[in-house]
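Encoded as structure tokens, the structure appears first; notes follow it.
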Amino acid sequence: MKKMFLGLCALFVMTSCSSSDSNSAVIGDIETPEVPGEVVTTPFVEGKMTMSIYSKGINVGGLLDKVDYSKGNVYGQFQALMTSLPKEENPFLAWGDLFDKKPMAAFALMMSMTKADYYVKNSTVLAKAKGLTWQMDHFHSEDQDKASVYLKAMAPAADMPVENQTAYAVYTPSKGETYTEGSSIDYKKFNRRKLDKIAYVNNYACEVIEYTLIKAPTDPNSEFSFGYNKLLVYTSELFDKTINFTHSTYLPEDGGILKIEMYVDGIEEPFMVFQPEQVEEKVIVDSELETRVSTPVYKIDDLAFSAKVLGIMFSSDEEDTGGTQEF
């Protein structure tokens, strides 16, 4: 794990060295943009959503589609991909010298690099997500009052025990339990304010809620200081809130969250944006709502489960070359 972290830092150093409101109007007290096309007005009851992370307009989660897990050496493939991308397609280059000033920003972007397919049917959703070195099934059903999280290492080290390459835990929605492992945002540390504006996400009208950090960091200019000071959250009453529980960042909104813009100190544009690639209404068959499982079955707050999750997320099949790889 230590070697992987050092390799990531070296990659970020190497790469870093190498929405407008102009079309908006005010109707009454509500600011609303021009209609982008045919606005969807029917509830999203059943279908598939593909969610991804964007940064500087680049589909960061989409970069994972360029990694061939069947070939192994996943970390090496990613390093090669990052060094081959032009600036306009490489989020680590697109931010200019930000990562020189804030190296933890690069690490945060790397760890947030996710993409997921959501299979939705009424108030049940199965999110099949992936990061660079892992896959996750996150099942959440208000109807059944059941939820579970399954993780699998996609790039396990040669000496990683088989029993540590998967993890599975269950929790009960009615008890107020959620899964937040790996999330860098604690909504309890933010003030919430509903804005008087409407925005459109994939042609769904959304309310906009602003979250602002209550307490600023001690030294925001420190190179090791990095965190989000503001969120803009876009919610639609046409989506069941069950999808909110399968997002990588949980926020307690009554409407379904379709988009989250995440801001950091000193940058006017969002550092990262979580939003749909595609929203498709379609029939979802039962098999598309079946999650993978493994043993043992943990409770969601079991420390042993958390330890397994960290091991999976930081697993690396990188070959030991005796030092940090140069590019």
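By convention here, the first residue in the shown sequence is residue 1.
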_Restricting to non-hydrogen atoms, name the atom on Ala94 and the atom on Ile58 that form the minimum distance, rounded to 0.1 Å._
CB-CD1, 4.0 Å

*Is there a donor-acceptor pair under 3.5 Å between the side chain of Asn59 and the backbone N or O of Gly62?*
yes

*Hey, what's the ring geometry for Tyr250 with Tyr187, parallel, tilted or perpendicular (30° and 60° as the breaks)?*
perpendicular

_Any side-chain heavy-atom pair of Val60 and Ser52 under 4.5 Å_ = no

*CG/Leu258 to CG/Leu238 distance, rounded to the nearest 0.5 angstrom?*
9.0 Å

*Do side-chain atoms of Thr133 reach the backbone of Met313 as a donor and acceptor pair under 3.5 angstrom?*
yes

*Hey, any chance Val120 and Leu251 share a hydrophobic cluster, counting ILVMFWY side chains that come within less than 4.5 Å of each other, even indirectly?*
yes

*asked:* Measuring only between side-chain heavy atoms, which start at C-beta, is Leu303 closer than 4.5 Å to Tyr298?
replied: no

*Considering all heavy atoms of both residues, which atom of Pro270 and which atom of Tyr263 are nearest to each other, and what is their separation?*
N-CE2, 3.4 Å

*Is the closest basic N to carboxylate O distance between Glu261 and Lys259 below 4.0 Å?*
yes

*Show your reasoning for whether side-chain hydrogen bond (donor to acceptor under 3.5 Å, both in side chains) applies to Asp145 and Ser174.*
CA-CA 6 Å; Asp145 196 24; Ser174 64; 2.7 Å; yes

*Check: His247 ring centroid to Tyr179 ring centroid under 6.0 Å*: no

_Quick one, Phe305 with Leu151, criterion side-chain contact (heavy atoms from CB on, under 4.5 Å). Give me CA distance, side-chain angles, the key distance, then yes/no._
CA-CA 10 Å; Phe305 174 69; Leu151 284 102; 4.2 Å; yes

*If you take all heavy atoms of Tyr69 and Gly131, which pair is closest and at what distance?*
OH-O, 3.1 Å

*Rounded distance [0.5 Å steps], NE2 in His140 versus OG in Ser123*: 9.0 Å

*Is the Phe271 ring parallel, tilted or perpendicular to the Tyr228 ring (thresholds 30°, 60°)?*
tilted

*Looking at NZ of Lys230 and CD1 of Ile267, how far apart are the two atoms once the value is rounded to the nearest 0.5 Å?*
12.0 Å

*Between Asp137 and Arg292, is the closest basic N to carboxylate O distance under 4.0 Å?*
yes

*asked:* On the six-membered ring of Trp134, is Lys152 placed so that its NZ or CZ lies under 6.0 angstrom from the centre and within 45° of the ring axis?
replied: no

_Spatial distance of atom CD (Glu142) from atom OG1 (Thr242) [nearest 0.5 Å]_ = 5.0 Å

*Does any N or O in the side chain of Ser141 come within less than 3.5 Å of the main-chain N or O of Gln144, such that one atom is a donor and the other an acceptor?*
yes

*Using a strict 4.0 Å threshold on nitrogen-to-oxygen distance, state whether Asp65 and Lys130 make a salt bridge.*
yes

_I need the Tyr211 OH to Thr249 OG1 distance, nearest 0.5 Å._
11.0 Å

*Measure from the ring center of Phe239 to the ring center of Tyr204 and say whether it is less than 6.0 Å.*
yes

*asked:* Could you tell me if the side chain of Val39 sits less than 4.5 Å from the side chain of Asn203, heavy atoms only?
replied: no

*With a 4.5 Å heavy-atom cut-off, do Ile185 and Met262 have their side chains touching?*
yes

*asked:* With a 4.5 Å cut-off on side-chain heavy-atom distances among I, L, V, M, F, W and Y, is there a chain of contacts connecting Phe139 to Tyr171?
replied: no

*Mind running side-chain contact (heavy atoms from CB on, under 4.5 Å) on Lys115 and Thr50 for me, showing each step along the way?*
CA-CA 7 Å; Lys115 185 175 180 179; Thr50 300; 3.7 Å; yes

*Find out if a path of hydrophobic residues (ILVMFWY) with successive side-chain heavy-atom gaps under 4.5 Å connects Leu310 to Met110.*
yes

*Answer whether the closest heavy-atom distance between the side chains of Lys308 and Pro296 falls below 4.5 Å.*
yes

*Does any non-hydrogen side-chain atom of Ile243 lie less than 4.5 Å from one of Met49?*
yes

_Any side-chain heavy-atom pair of Asp68 and Gln77 under 4.5 Å_ = yes

*Asn122 and Asp143, any side-chain heavy atoms less than 4.5 Å apart*: yes

*What pair of heavy atoms forms the shortest contact from Glu277 to Tyr54, and how long is it?*
CG-OH, 3.2 Å

*Going through the checks in order, is the side-chain contact (heavy atoms from CB on, under 4.5 Å) test met by Val233 and Val208?*
CA-CA 6 Å; Val233 181; Val208 184; over 6 Å; no

_Pair Tyr150-Thr166, side-chain contact (heavy atoms from CB on, under 4.5 Å): steps then yes or no_ = CA-CA 7 Å; Tyr150 166 91; Thr166 59; 3.5 Å; yes

*asked:* For Phe274 versus Met51, what's the shortest heavy-atom pair and its separation?
replied: CE2-CE, 3.6 Å

*Following the transitive rule for hydrophobic clusters with a side-chain heavy-atom cut-off under 4.5 Å over Ile, Leu, Val, Met, Phe, Trp and Tyr, establish whether Tyr119 and Val125 coincide in one cluster.*
no

Would you list the atom pairs, donor with acceptor, under 3.5 Å between side chains in residues 279-291 and any protein atom, with sequence neighbours excluded?
unit_1 : atom_1 : unit_2 : atom_2 : d
Glu288 : OE1    : Val285 : N      : 3.0

*Should Met272 and Leu98 be counted in the same cluster of Ile, Leu, Val, Met, Phe, Trp and Tyr side chains packed under 4.5 Å apart?*
yes

*Report the distance from atom CD1 of Ile260 to atom CD1 of Ile53, rounding to the nearest 0.5 Å.*
8.0 Å

*Nearest heavy-atom neighbours spanning Val264 and Gly227*: CG1-O, 3.4 Å

_Side chain Ser112, main chain Leu109, donor-acceptor under 3.5 Å_ = no

*Does the Asn90 side chain pair with the main chain of Met82, one donor and one acceptor, at a distance under 3.5 Å?*
yes

_When you measure from the side chain of Asn244 to the backbone of Ile257, do you find a donor-acceptor pair of N or O atoms at a distance under 3.5 Å?_
yes

*Taking NZ, NE, NH1 and NH2 as the nitrogens, is one of them in Glu207 or Lys194 under 4.0 Å from a carboxylate oxygen of the other?*
yes

_Short N-O contact, Lys56 and Glu269, less than 4.0 angstrom_ = yes

